[in-house]
Novice: 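One structure follows; several queries about it will come next.
Predicted model only: the values in this text are computed from it and were never measured. Convention: sequence-line order gives letters A, B, ...; per-chain numbering from 1.
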Amino acid sequence: MEKYIELSNLMFPNINKTVEDLEKLYPKRSVEGAVTRFAPSPTGFLHTGALFTSLVNKKIASQTNGVFYLRIEDTDKKREVEGSVSLLTAEMKRFGITTDEGVISDTEEVGNYGPYTQSKREEIYKICAKYLVANGLAYPCFCTSEMLNSTRQIQEKNKQIPGYYGIYARCRNISVDEMISRIKSGEKYIVRLKSSGNHLKKVSFVDLIRGKIEIAENDQDIVLIKSDELPTYHFAHVCDDHFMRTTHVMRGEEWIPSVPIHIELFEKMGFELPKFAHFPTIMKLDGVASKRKLSKRKDKEAAVSYFLESGYPTDAVLEYLLSVINSDFEIWRAKNPDLNIFDFNVRLEKMNSSGALFDMLKLNDISKEYISKLTSYELLDNILIWSKEFNNEVYELLNKDLKYSLKIFGIERDNTKKIRKDLIKYEDVMPNFFYFFNNKFEEDLSNGYNFDINDKITTSVITEVLNKYLEIYNHLDDKDSWFNKVKIIAENLGFCTDMKQYKLSPESYIGSTADVASIIRISITNRKNTPDIYSIMQVLGESEVKNRINKGILKLK
RNA sequence: GGCCCCUUGGUCAAGCGGUUAAGACGUAGCCCUCUCAAGGCUGAAUCAGGAGUUCAAUUCUCCUAGGGGUCACCA
């Protein structure tokens with residue numbers, strides 16, 4: 001016993017605080033709700049799966065009046081990407097994933113359980129490691145990575161479980177005296193757990209999503225403190241979640257296999273075990289039959305920045321995520337179309353435990369629906385905000401004449417139940433509405449008109465329609481009289497004005513009223529699918545409408 | 001390969017021993033219609049396979065298969 005204490009003092013000469021001191025410094029919280037956290041590594045960007053993890057962690061805390069905090073796990077200095085933390089916090093904020101505590105920017109944090117950045121918690125980990133060494137539960141390991149590699153090769157050759165355990169854990173059997181003298185002589189070492197687990201026995205724990213899970217006990221003498229003096233994930237997780245008083249550890253399912261390590265660590269430290277929940281992975285179909293994790297390199301939708309850049313409303317993305325993973329969200333949404341997404345109660349036990357495929361089509365539908373509910377004011381506002389950041393051309397165009405822009409978005413939107421759903425994301429504005437801007441329209445026209453309706457509608461028919469239309473066009477007409485005039489043109493030129501009739505014998509006519517309308521639509525917008533032509537003309541104004549029709553006639557000659 | 005997790009239509013997903021096996025997206029058709037849409041209606045399409053338990057199995061148990069994850073001084 002004495003020897004272990006001597007060893008621990010030798011290994012951690014500058015550590016004077018004890019685990020008891022930490023217990024006092026970070027007392028049990030008085031909140032009765034769940035204490036949850038989101039603990040990403042600063043490796044560059046917010047992953048879509050991570051957005052989901054943070055959403056659920058936040059929800060579980062807020063639903064129970066608990067605490068949700070952000071911790072940065074930066075113990076791997078090699079993988080760290082500069083600027084990640086500010087990007088991460090900014091992106092979370094954009095999606096409304098606000099925290100009660102923890103890191104809030106790359107320089108600031110709030111709360112009494114910090115620091116919330118692991119690299120600043122070195123002393124805490126060392127206090128804990130020293131405790132373990134002093135009690136003979138951890139030891140210094142002098143093995144070099146070459147030695148480790150060669151034993152791994154031997155193990156693989158002999159088809160044995162790889163790793164540092166049993167007879168392969170050679171440093172665990174070195175006498176304490178020898179450890180002390182080797183350290184004194186300046187030999188380099190790391191700190192390992194002295195595992196007492198048995199691989200043939202099982203540990204079980206209750207996963208809040210999956211129920212009881214049984215796995216073999218950990219028997220590996222895993223690394224606690226690396227040669228850079230920072231802890232490994234496992235050790236940091238146990239120390240942090242204990243002293244930050246996390247009650248619910250909720251993370252991706254890739255952590256399930258290492259839970260036995262964590263359980264052993266919690267027990268050796270004498271810490272109470274938190275509750276665990278492991279989320280399924282969001283997958284993507286790769287080829288025909290095989291699935292894989294969303295990957296940043298292959299899938300644009302793996303990074304939440306993609307949704308931001310293309311202008312998906314952030315709530316639509318969250319809504320999609322919830323609908324993918326939580327069974328009754330869509331039913332709730334149907335019943336409560338106007339409630340905020342954060343009013344939905346997430347229930348872990350209702351969460352699906354199998355990995356879901358990311359379905360862009362479904363996201364698009366949700367997003368379309370979301371945008372269709374906005375008023376023209378809200379839409380313009382959102383697009384202005386989006387374009388200012390991501391598409392300057394759109395911003396300039398819309399901002400030049402706000403009244404005009406508002407009119408564009410008002411078409412078939414305000415005061416109507418028949419709202420169009422042309423926009424999936426804000427990025428779609430220009431492809432859909434370019435023709436409201438003369439220079440954009442001209443640009444589009446440089447590839448020619450696309451009057452491709454049917455074989456009987458030749459250039460001369462089109463010219464005739466346009467000429468007639470110009471004759472009768474009156475900008476002051478209301479919608480009904482305007483359409484009546486269109487019908488008259490159609491009738492005079494041999495088009496069928498009765499759709500039913502036309503469907504019965506299309507061969508007896510050049511086309512239908514619909515085709516006449518198409519001709520007018522194309523001459524004004526060069527598109528076959530647009531909102532109501534009458535409304536478009538009203539927004540464009542009389543002279544521009546005449547101008548465009550004249551231009552069409554000229555170009556066709 | 002060992003261990004772990006998962007498996008209801010094309011996708012997401014209700015279901016928790018007896019159901020005509022919800023719903024959404026997508027898809028096909030029809031209706032509405034003065035254009036483009038929007039909307040409405042209808043249809044096609046699912047319990048991975050095999051044993052067992054049971055009067056009864058999508059539901060419980062076991063096996064097989066498939067998919068995914070994990071086996072670092074990375075998280």
Novice: Looking at U70(B), U35(B), U11(B), which one has an atom nearest to any side-chain atom of Asp359(A)?
Specialist: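 Looking only at heavy atoms from C-beta outward on Asp359(A), the closest nucleotide is U11(B).
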Novice: Name the one of Asn432(A), Asp444(A), Ile522(A) that satisfies side-chain contact (heavy atoms from CB on, under 4.5 Å) with Arg527(A)?
Specialist: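 Testing Arg527(A) for a side-chain contact (heavy atoms from CB on, under 4.5 Å) against Asn432(A), Asp444(A), Ile522(A) leaves exactly one candidate, Asp444(A).
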Novice: So, is Asn218(A) near the phosphate of C71(B), with a side-chain N or O under 4.0 Å from OP1 or OP2?
Specialist: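 So the side-chain polar atoms of Asn218(A) never come under 4.0 Å of the phosphate oxygens OP1 or OP2 of C71(B).
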Novice: So what's C16(B) paired with, Watson-Crick or G-U wobble, going by both distances under 3.5 Å?
Specialist: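 For C16(B), the partner nucleotide comes out as none, under the 3.5 Å rule.
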Novice: What is the distance, to the nearest angstrom, from the CD1 atom on Ile282(A) to the C1' atom on C5(B)?
Specialist: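 In whole Å, C5(B) C1' and Ile282(A) CD1 are 17 Å from each other.
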Novice: For A75(B), does OP1 or OP2 lie under 4.0 Å from any side-chain N or O of Thr75(A)?
Specialist: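 Yes, within the criterion.
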Novice: May I ask you to decide whether Arg152(A) forms a salt bridge with Glu156(A), counting only side-chain N to carboxylate O separations under 4.0 Å?
Specialist: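 Not counted as a salt bridge, because no side-chain N and carboxylate O are separated by less than 4.0 Å.
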Novice: So if I take every side-chain heavy atom of Arg79(A) and compare against C74(B), G26(B), A37(B), which nucleotide ends up nearest?
Specialist: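 The answer is C74(B), which lies nearest to the side chain.
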Novice: Measuring from the side chain of Pro162(A) (C-beta onward, heavy atoms only), which nucleotide among C5(B), C71(B), U35(B) has the closest atom?
Specialist: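 The answer is C71(B), which lies nearest to the side chain.
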Novice: Starting at NZ of Lys293(A) and ending at C1' of G67(B), how long is that distance when rounded to a whole Å?
Specialist: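 Spelled out: NZ on Lys293(A) to C1' on G67(B) is 15 Å.
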Novice: Counting heavy atoms from C-beta on, name the nucleotide in C12(B), C5(B), C36(B) closest to the side chain of Arg420(A).
Specialist: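 The nucleotide sitting nearest to the side chain is C36(B).
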Novice: Would you kindly give the CZ-to-C1' distance between Arg152(A) and C71(B), to the nearest whole Å?
Specialist: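 About 10 Å, once rounded to whole Å.
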Novice: Strictly by Watson-Crick or wobble contacts shorter than 3.5 Å, is anything paired with C3(B), and which nucleotide is it?
Specialist: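 Checking every strand shown, C3(B) finds its partner in G69(B), with both distances under 3.5 Å.
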Novice: RNA chain B: Ser354(A) or Asp74(A), which has the more 5' nearest nucleotide?
Specialist: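 Result: Ser354(A).
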Novice: Rounded to the Å, how far apart are Leu357(A) CG and U11(B) C1'?
Specialist: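 Going from CG in Leu357(A) over to C1' in U11(B) covers 7 Å.
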Novice: Heavy atoms from C-beta onward define the side chain here; which of G23(B), C5(B), U35(B) lies closest to that of Arg210(A)?
Specialist: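 The answer is C5(B), which lies nearest to the side chain.
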Novice: Where the side chain of Lys350(A) is defined as all heavy atoms beyond and including C-beta, which of G15(B), U35(B), C3(B) is the nearest nucleotide?
Specialist: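 Ranking G15(B), U35(B), C3(B) by closest atom to the Lys350(A) side chain puts G15(B) first.
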Novice: Strictly by Watson-Crick or wobble contacts shorter than 3.5 Å, is anything paired with G9(B), and which nucleotide is it?
Specialist: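 Looking at the geometry, G9(B) pairs with no nucleotide.
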Novice: Determine the sole option in Tyr165(A), Tyr139(A), Tyr164(A) for which the side chain to side chain donor-acceptor pair (under 3.5 Å) test with Asp221(A) is passed.
Specialist: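 Single side chain to side chain donor-acceptor pair (under 3.5 Å) partner of Asp221(A) among Tyr165(A), Tyr139(A), Tyr164(A): Tyr139(A).
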Novice: For atom NZ of Lys373(A), decide whether the heavy atoms of other residues, nucleotides or ligands shown that lie under 6.0 angstrom number more than 12.
Specialist: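 Enclosed: over 12 neighbouring heavy atoms sit under 6.0 Å from NZ of Lys373(A).
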Novice: Could you tell me how far apart Met283(A) (CE) and G66(B) (P) are, to the nearest whole angstrom?
Specialist: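 To the nearest whole Å, that distance equals 16 Å.
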Novice: Would you say C74(B) has OP1 or OP2 under 4.0 Å from some side-chain N or O of Lys226(A)?
Specialist: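 Looking at the OP1 and OP2 atoms of C74(B), one of them is under 4.0 Å from a side-chain N or O of Lys226(A).
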Novice: Is it true that the side chains of Tyr168(A) and Gln160(A) contain a donor and an acceptor less than 3.5 Å apart?
Specialist: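 There is such a pair between these side chains.
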Novice: With both distances kept under 3.5 Å, what pairs with G26(B), Watson-Crick or G-U wobble?
Specialist: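 Answer to the pairing question: none, since G26(B) forms no Watson-Crick or G-U pair.
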Novice: Check whether the ring centres of Phe358(A) and Tyr320(A) lie less than 6.0 Å apart, and answer yes or no.
Specialist: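 Yes - the distance between ring centres of Phe358(A) and Tyr320(A) falls below the 6.0 Å cut-off.
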Novice: Could you tell me whether the side chain of Arg192(A) has a donor or acceptor atom within less than 3.5 Å of a complementary atom in the base of C73(B)?
Specialist: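 No pair found.
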Novice: Compare the minimum distances between each of G26(B), A22(B), C5(B) and the side chain of Leu361(A), then state the nucleotide with the smallest one.
Specialist: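 Nearest listed nucleotide: G26(B).
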Novice: What nucleotide among U70(B), U35(B), C12(B) has an atom nearest to a side-chain atom of Glu254(A)?
Specialist: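 Minimum distance to the Glu254(A) side chain belongs to U70(B).
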Novice: Quick one: do the Ser41(A) and Tyr233(A) side chains pair a donor with an acceptor below 3.5 Å?
Specialist: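 No pair is found: no donor N or O on one side chain lies under 3.5 Å from an acceptor on the other.
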Novice: With a 3.5 Å cut-off and heavy atoms only, can you find an N or O donor on one side and an acceptor on the other between the side chain of Lys421(A) and the base of A37(B)?
Specialist: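 Flag unset: no donor-acceptor pair detected.
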Novice: Rounded to the Å, how far apart are His234(A) NE2 and C71(B) C1'?
Specialist: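 Rounding to the nearest Å, NE2 of His234(A) and C1' of C71(B) are 10 Å apart.
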Novice: In whole Å, what separates the P atom of A38(B) from that of C25(B)?
Specialist: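 It works out to 12 Å between them.
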Novice: Can you see if the side chain of Lys202(A) gets near the phosphate of C4(B) - specifically, an N or O under 4.0 Å from OP1 or OP2?
Specialist: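 Yes, such a contact exists.
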Novice: Nearest of C6(B), C74(B), C34(B) to any side-chain atom of Ser353(A)?
Specialist: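 Nearest nucleotide to the side chain: C6(B).
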Novice: Report the nucleotide, chosen from A22(B), A72(B), C25(B), that has the shortest atom-to-atom distance to any side-chain atom of Asp365(A).
Specialist: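 When the side chain of Asp365(A) is considered, C25(B) is the closest of A22(B), A72(B), C25(B).
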Novice: Could you check which nucleotide pairs with C62(B) in any of the strands shown, counting Watson-Crick or G-U wobble with both distances under 3.5 Å?
Specialist: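 With both distances under 3.5 Å, C62(B) matches G50(B).
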Novice: I want to confirm an ordering. Mapping Leu363(A) and Glu73(A) to their closest nucleotides on RNA chain B, which one lands closer to the 5' end?
Specialist: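 It is Leu363(A) whose nearest nucleotide is closer to the 5' end.
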